[in-house]
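Let me begin by presenting the structure, written as structure tokens, before commenting on it.
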Amino acid sequence: MNSNTQPIGIFDSGIGGTSIWREIHHLLPNEKTIYLADSKNAPYGQKSKDEIIALSMKNTELLLQMNCKLIVVACNTATTNAIEELRRKYNVPFIGIEPAIKPAVNHSKTQIIGILATQGTLNSELFNKTTEKYQDTKIIEQVGHGLVQLIENGDINSPEMTKLLHSYLTPMIEANIDYLVLGCSHYPYLISQIKNILPPYIQIIDSGEAVAKQTQKILKEKIGFSSAEKSEPIFYTNTNPKVLSEILENKYTIEEIDF
């Protein structure tokens, strides 16, 4: 396989997909990455399927203009509602992010798992097809109303966030779950808060590492790795860059553009 120094494109409905970007950057530090934070339109989870597809196409076309060799849809809602459409329309490999139901079901001792996700993910056809496979496990679904907005506003450790998380997680604890699946790429930024609420025997699963490994696999089999030295990632946002910069620990330059 020849080397390929074109960038990997990553998009999300805001800053949450940086949790996926971190895993990709950690596993593939020589790859150039371009990240689009569509915070102006966050959250996608409350939009119609048609709106989600239109926004996903807009983001994809911008990344293709930037010569990306592969696109990671770092948003559960966009993956579950739009990725099939994107694959039909554009001649570039797409990697999506889905809630990690399978490993939770396979490892659960109580056969009861919880999933915290957006309305758009839980209502999607793809998610319902996935959960239908696991009739023997009780899956407790909870929409994380308000969580994405608080993260996008930089209010991760606010009393309001703590109150919401308690209200969403307490019924799951009472239902005897032993795994909690995080079904939104924003939610890994809440793990320390969630751990303060959950008993220690409940395991938390997110999809970041699996997405990074799939990215590595596609590069190896189909596209080629970059032969460049470690490269500086590029971040674009269409709203105030301050929160994105803070979540990245002010280590990188964030450019605000209109898209």
Validation row: Cys184, Val148 side chains within 4.5 angstrom (heavy atoms):
yes
Compare every heavy atom of Ile34 with every heavy atom of Cys68, then report the nearest pair and how far apart it is.
SG-CD1, 4.2 Å
Assess the pair Tyr252 and Trp21: is the distance between their ring centroids shorter than 6.0 Å?
yes
Flag side-chain contact, heavy atom, 4.5 Å: Glu255 against Phe235
no
State plainly whether one hydrophobic cluster holds both Phe11 and Tyr236, where clusters connect Ile, Leu, Val, Met, Phe, Trp and Tyr through side-chain heavy atoms under 4.5 angstrom apart.
yes
From CA spacing to verdict: side chain to side chain contact (heavy atoms under 4.5 Å, CB included), Ile257, Leu62
CA-CA 11 Å; Ile257 60 171; Leu62 183 53; 4.2 Å; yes
Is a side-chain N or O of His107 found less than 3.5 angstrom from the main chain of Pro103, in a donor-acceptor match?
yes
Whether the Ser19 and Tyr187 side chains hold a donor-acceptor pair (N or O, under 3.5 Å, no angle test) is what I'd like checked.
no
Distance-minimising heavy-atom pair for Ile151 and Ile15
O-CD1, 3.6 Å
May I ask whether Leu122 and Val181 are part of the same hydrophobic cluster, defined by side-chain heavy atoms of I, L, V, M, F, W, Y residues being less than 4.5 angstrom apart, directly or through others?
yes
Is it the case that more than 12 heavy atoms not belonging to Asn106 sit under 6.0 Å from its CG atom?
yes
Distance from Leu70 atom CG to Ile10 atom CD1, nearest 0.5 Å?
9.0 Å
Verdict with supporting geometry, Leu147 and Leu190, side chain to side chain contact (heavy atoms under 4.5 Å, CB included)
CA-CA 9 Å; Leu147 300 181; Leu190 303 175; 4.2 Å; yes
For the backbone of Asp155 and the side chain of Asn153, can you confirm whether one donor and one acceptor N or O come within less than 3.5 Å of each other?
no
Does one hydrophobic cluster hold both Tyr35 and Ile8, with members joined at side-chain heavy-atom distances below 4.5 Å?
yes
With a 4.5 Å limit on heavy-atom distance, are the side chains of Thr77 and Ile52 in contact?
yes
For Asn250 and Ser245, does a side-chain donor sit closer than 3.5 Å to a side-chain acceptor?
yes
Looking just at side-chain N and O atoms, do Ser108 and Asp178 make a donor-acceptor pair shorter than 3.5 Å?
yes
With a 4.5 Å cut-off on side-chain heavy atoms, are Ser13 and Asn41 touching?
no
Would you kindly say whether Ser226 and Glu31 are connected by a side-chain donor-acceptor distance under 3.5 Å?
no
Thr5 and Lys32, any side-chain heavy atoms less than 4.5 Å apart
no
Does the side chain of Glu98 come under 3.5 Å of the side chain of Thr79 through a donor N or O and an acceptor N or O?
no
Please give me the minimum heavy-atom distance between Met172 and Leu180, naming the atom from each residue.
SD-CD1, 3.6 Å
Where do Ile202 and Ile173 land on the side chain to side chain contact (heavy atoms under 4.5 Å, CB included) test, with the steps shown first?
CA-CA 8 Å; Ile202 298 178; Ile173 298 166; 4.2 Å; yes
Shortest non-hydrogen separation from Ile97 to Ser207 and the atoms involved:
CG1-CB, 3.8 Å
Hydrophobic cluster membership, with links at side-chain heavy-atom distances under 4.5 Å among I/L/V/M/F/W/Y: are Tyr189 and Tyr168 in one?
yes
Nearest-0.5 Å distance that lies between atom CD in Glu141 and atom CG in Asn123:
8.5 Å
Is the side chain of Thr137 donor-acceptor paired with the backbone N or O of Tyr134 at a distance under 3.5 Å, no angle test?
no
Is a side-chain N or O of Arg87 found less than 3.5 angstrom from the main chain of Phe94, in a donor-acceptor match?
yes
Main chain of Asn67, side chain of Gln6: is a donor-acceptor contact present, judged purely on distance under 3.5 Å?
yes
Within-4.5 Å side-chain heavy-atom neighbours: Val73 and Asn59:
no
Applying a strict under-4.5 Å side-chain criterion to I, L, V, M, F, W and Y, I'd like to know whether Leu150 and Val143 cluster together.
no
Test side chain to side chain contact (heavy atoms under 4.5 Å, CB included) on Lys40 and Thr237; report intermediate values, then the result.
CA-CA 8 Å; Lys40 186 169 69 179; Thr237 180; over 6 Å; no
Here the gap from Gln111 atom CD to Ile113 atom CD1, rounded to the nearest 0.5 Å, amounts to 9.0 Å
Listed once per pair and sorted, the salt bridge (Lys or Arg N to Asp or Glu O under 4.0 Å) pairs that draw on residues 49-62, sequence neighbours left out
Asp38-Lys58
Glu246, CD atom: more than 12 neighbouring heavy atoms under 6.0 Å:
yes
Minimum heavy-atom distance Val72-Thr215, with the two atoms named
CG2-OG1, 4.0 Å
Starting from the C-alpha separation in whole Å, work towards a yes-or-no answer on side chain to side chain donor-acceptor pair (under 3.5 Å) for Thr162 and Gln193.
CA-CA 7 Å; Thr162 306; Gln193 286 243 61; 3.3 Å; yes
Does some side-chain heavy atom of Leu182 sit less than 4.5 Å from a side-chain heavy atom of Ile191?
yes
Can you see whether His186 engages Glu152 through a side-chain donor-acceptor pair at a distance of less than 3.5 angstrom?
yes
Side-chain (Asn81) to main-chain (Ile53) donor-acceptor, under 3.5 angstrom
no
May I ask you to decide whether Glu85 forms a salt bridge with Arg88, counting only side-chain N to carboxylate O separations under 4.0 Å?
yes
Rounded distance (nearest 0.5 Å) linking atom CG of Leu244 with atom CD1 of Ile254:
4.0 Å
Salt bridge check: are Lys89 and Glu84 linked by an N-O gap of less than 4.0 Å?
no
Enter the distance from Lys217:NZ to Ile95:CD1 here, rounded to the nearest 0.5 Å.
9.5 Å
Nearest 0.5 Å, what's the NZ-CG distance between Lys69 and Asn4?
4.5 Å
Give the minimum heavy-atom separation between Asp12 and Ala74, together with the two atoms involved.
OD1-O, 3.2 Å
Would a 4.5 Å heavy-atom cut-off, applied to side chains only, mark Ile234 and Thr33 as touching?
no
For Ser56, is there any backbone N or O sitting under 3.5 Å from a side-chain donor or acceptor partner on Thr60?
yes
